[in-house]
Amino acid sequence: MAKTLFHSSERSNFIVNLKPERLRQLSCRVCMLAMILLTGSMLLTELTQDVYGSLSDAISDGGTRGVLAYLVLILRSVSSMFAVGGVLALIFAFIALIKKQFDPKRAALPAALLCGILILGYISALLSFDTTVALIGMEGRGRGVLALLFYGAFFVICSQLHRKEAEKLGLWITGYGLAQCLFALFQILPIRLPSSYDHMFPRLLVDVYLPSGLSSNPAAFAMLLTMLGMLAVCMALYSREKKCRLYYTIAAAVFLFFLPRTQCLAGLVGLGAVLVTGLVLGLRKGACKPVKPLAAMVLCAGIGFGTACAAPLLNGSKFLSSDADTPLSAGYHLQDGSIVFLDGAYRNDVCGQYSRQDAQGKFDLEQPLSIYPYMWKQAAQTIAKYPLLGTGADNYIYAQLRSSYTIIQNLNIVDDPYNDYLYQAATRGIPALLLYLALAAVSLLRGAKAYRKGKAPLGLAVLLGAGGYLLTAVCGISALPVTPVFWMLLGLSCGGVQED
């Protein structure tokens with residue numbers, strides 16, 4: 001007789017009698033669905049930037065047009081669409097726990113670390129400047145405790161996947177990155193799609209056309225490209241199937257083309273990391289015909305860097321002036337400082353407006369990397385003031401206010417230090433950061449141990465992919481279209497990409 005849950009039937013029977021293999025398949029599909037929802041929502045967000053005000057007016061007018069406009073607003077809300085996938089991930093994580101899919105001894109340490117992160121995050125949210133924001137997240141960011149809970153759910157369901165499901169998920173994750181690159185291609189071609197990074201308004205520099213894909217930010221896009229580039233280059237050299245090697249070779253080449261085009265520090269760090277990783281893996285014993293794949297990757301990276309250097313001439317980039325516009329010289333120009341304020345102030349209204357006069361002596365946008373010491377110093381001061389529990393998730397900006405309760409009126413304050421480790425310490429406290437680092441370390445070490453034991457190419461690939469995210473997090477920003485992929489890879493590494 002079939003087992004039942006709480007003496008009920010049908011639906012409960014579906015849960016209790018769900019076979020482990022079927023559970024893993026459905027868990028994999030939940031991750032795929034989350035990526036589809038994120039892609040669709042971000043695509044709608046990018047394409048409707050110029051009509052956002054009209055949508056709000058239509059809702060105020062009511063009627064059928066108002067209902068349709070409200071539906072569009074919901075669909076373009078990345079937080080809402082991610083929540084759909086996150087809730088499903090929570091459900092399947094709970095089912096996996098009921099079904100005892102995890103070895104208690106093996107799961108005890110990661111579970112304790114993850115629970116500690118969530119508990120400290122929740123306590124921090126209760127004591128934050130704005131509890132609602134800390135729980136749900138700032139509009140345009142969505143990095144509250146709820147998002148952290150969903151990240152944990154994706155980590156849990158991915159840690160139970162066997163190699164068959166993991167390989168399928170790896171193909172989908174890579175496809176997710178390629179879809180973003182396809183959109184990014186139209187952002188840099190003459191037929192350009194809407195983008196918040198066409199013009200560097202803080203520097204009065206126009207016609208730059210930086211790609212951000214569907215990641216909301218060139219720095220976040222660079223983090224995604226690095227993460228997936230590390231995964232793709234490994235699979236391109238070590239996959240057992242010829243078709244898979246070709247697919248991942250193309251993907252790695254595409255990712256390497258766009259990394260230098262982001263024109264930010266994270267992009268350069270990622271570019272170097274992926275190329276060095278590819279060369280090291282290519283020299284190792286076991287690489288399958290590495291010369292041609294590596295040559296194609298290096299060539300695409302060179303083309304990407306070359307076109308980035310030629311972009312000022314190709315795009316006609318110029319500095320605006322009341323007297324005469326000045327063309328931007330050819331060469332590779334980092335745009336980190338402008339990206340910070342375009343994303344925070346112009347795109348999302350969650351940080352202060354840029355003021356050249358107020359910035360004197362602090363940083364200089366004409367020297368883009370000077371923004372990092374300034375932001376990291378502000379973060380260090382915030383951590384020193386709130387060391388144990390931080391400001392609360394997505395409450396970092398409130399600790400920076402100094403002249404007005406209206407965020408954008410506080411000149412040159414930022415809502416993220418563009419260092420995810422400093423950000424976590426500042427918003428959730430140093431203990432939460434240490435737990436996060438411990439969880440990442442445990443997951444990567446288990447992934448490395450599993451690879452040494454089984455030599456599964458995907459085991460090494462997910463390990464390198466998660467490591468790529470952790471590397472670029474030093475100069476990057478957590479974003480909803482990117483961070484869930486990291487937690488999926490981290491879960492796969494923690495689970496060791498088990499054999500079927």
Side-chain angles (χ1 to χ4, degrees), residues 170 173-174 176-178 180-181 184 211 213 215 217-238 248-284 287 290 293-306 308 332 334 336 339 369 372 418-421 437 440-441 443-445 447-448 451 457-479 482-483 485-490 492-493:
I173 288 175
T174 305
Y176 176 69
L178 289 173
Q180 295 225 20
C181 288
S215 300
N217 182 310
F221 186 42
M223 294 177 73
L224 179 70
L225 294 174
T226 302
M227 181 167 46
L228 300 188
M230 298 284 265
L231 183 151
V233 74
C234 180
M235 294 300 291
L237 297 174
Y238 285 91
Y248 282 112
T249 298
I250 294 172
V254 171
F255 298 152
L256 283 165
F257 170 81
F258 279 103
L259 272 169
R261 291 304 307 258
T262 59
Q263 293 180 233
C264 63
L265 181 58
L268 291 184
V269 171
L271 177 67
V274 176
L275 287 176
V276 170
T277 300
L279 292 174
V280 171
L281 292 177
L283 293 173
R284 290 180 71 229
L294 288 176
M297 295 174 200
V298 172
L299 177 63
C300 285
I303 293 173
F305 192 85
Y332 195 80
L334 292 172
D336 297 75
I339 290 171
L369 295 184
Y372 288 103
Y418 279 71
N419 180 309
D420 197 43
Y421 305 109
L437 293 175
S443 300
L444 296 182
L445 287 173
Y451 173 70
L458 187 62
L460 179 60
V462 298
L463 170 68
L464 292 172
Y469 179 92
L470 292 171
L471 175 64
T472 50
V474 173
C475 51
I477 179 173
S478 173
V482 176
T483 308
V485 177
F486 162 70
W487 283 90
M488 292 176 193
L489 294 181
L490 197 66
L492 290 172
S493 183

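Note that this is a predicted model, so its numbers are computed, not measured.
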J.: Could you grab the distance from atom CD1 of Ile250 to atom SG of Cys300, nearest 0.5 Å is fine?
T.: 10.0 Å
J.: Can you tell if the side chain of Thr226 reaches within under 4.5 Å of the side chain of Val269, non-hydrogen atoms only?
T.: no
J.: Indicate the atoms forming the closest heavy-atom contact of Gly282 with Pro290, along with that distance.
T.: O-CG, 3.6 Å
J.: Can you see which heavy atom on Ser478 is nearest to which on Asp420, and at what distance?
T.: CB-OD1, 3.6 Å
J.: Rounded to the nearest 0.5 Å, what separation is found between the CZ atom of Phe486 and the CD1 atom of Ile173?
T.: 12.0 Å
J.: State, yes or no, whether a side-chain contact exists between Val233 and Leu464 at a heavy-atom distance under 4.5 Å.
T.: no
J.: Take Met230 and Leu471 through the side-chain contact (heavy atoms from CB on, under 4.5 Å) test and state the conclusion after the steps.
T.: CA-CA 11 Å; Met230 298 284 265; Leu471 175 64; 5.8 Å; no
J.: For Cys181 and Leu225, run side-chain contact (heavy atoms from CB on, under 4.5 Å): C-alpha distance rounded to whole Å, both residues' side-chain angles, the deciding distance at 0.1 Å, then the answer.
T.: CA-CA 9 Å; Cys181 288; Leu225 294 174; 3.5 Å; yes
J.: Just how far is it from atom CZ of Phe258 to atom CG of Leu271, taken to the nearest 0.5 Å?
T.: 13.5 Å
J.: CE/Met223 to CG/Asn217 distance, rounded to the nearest 0.5 angstrom?
T.: 10.0 Å
J.: Taking Gln180 for the side chain and Ser215 for the main chain, is one N or O donor matched with an acceptor at less than 3.5 Å?
T.: yes
J.: Does the side chain of Phe255 come within less than 4.5 Å of Thr174's, by heavy atoms?
T.: yes
J.: Rounded to the nearest 0.5 Å, what separates atom CG in Leu279 from atom CE in Met297?
T.: 10.0 Å
J.: Is there a side-chain contact between Cys234 and Leu281 in this structure, where contact means two heavy atoms from C-beta onward sitting under 4.5 Å apart?
T.: yes
J.: For a quick test of reading the model, state the closest non-hydrogen atom pair linking Ala266 to Ala219 and the distance between them.
T.: CB-O, 4.1 Å
J.: Going by heavy atoms in the side chains, are Leu268 and Tyr332 under 4.5 Å from each other?
T.: yes
J.: Which pairs count as side-chain hydrogen bond (donor to acceptor under 3.5 Å, both in side chains) when at least one residue sits in residues 463-474, sequence neighbours excluded?
T.: Tyr469-Thr483
J.: Search all heavy atoms of Ala466 against all heavy atoms of Leu444 and return the closest pair with its distance.
T.: CB-CD2, 3.9 Å
J.: Return the CG to CG distance between Leu299 and Leu256, rounded to the nearest 0.5 Å.
T.: 11.0 Å
J.: If we ignore hydrogens and angles and just use 3.5 Å, is the side chain of Asn419 paired with the main-chain N or O of Val474 as donor and acceptor?
T.: yes
J.: Can any side-chain N or O of Ser493 pair as donor or acceptor with the backbone N or O of Leu463 at less than 3.5 Å?
T.: no
J.: Ignoring hydrogens, what is the shortest heavy-atom contact between Ala296 and Ala253? Give both atom names and the distance.
T.: O-CB, 4.3 Å
J.: Quick one, Leu265 and Leu334 - any side-chain contact, counting heavy atoms below 4.5 Å?
T.: no
J.: If you define the side chain from C-beta out and look only at heavy atoms, does anything of Leu237 sit under 4.5 Å from Leu294?
T.: yes
J.: Please find the pair of heavy atoms, one from Ala308 and one from Pro260, that lie closest to each other, and give the distance.
T.: CB-O, 4.0 Å
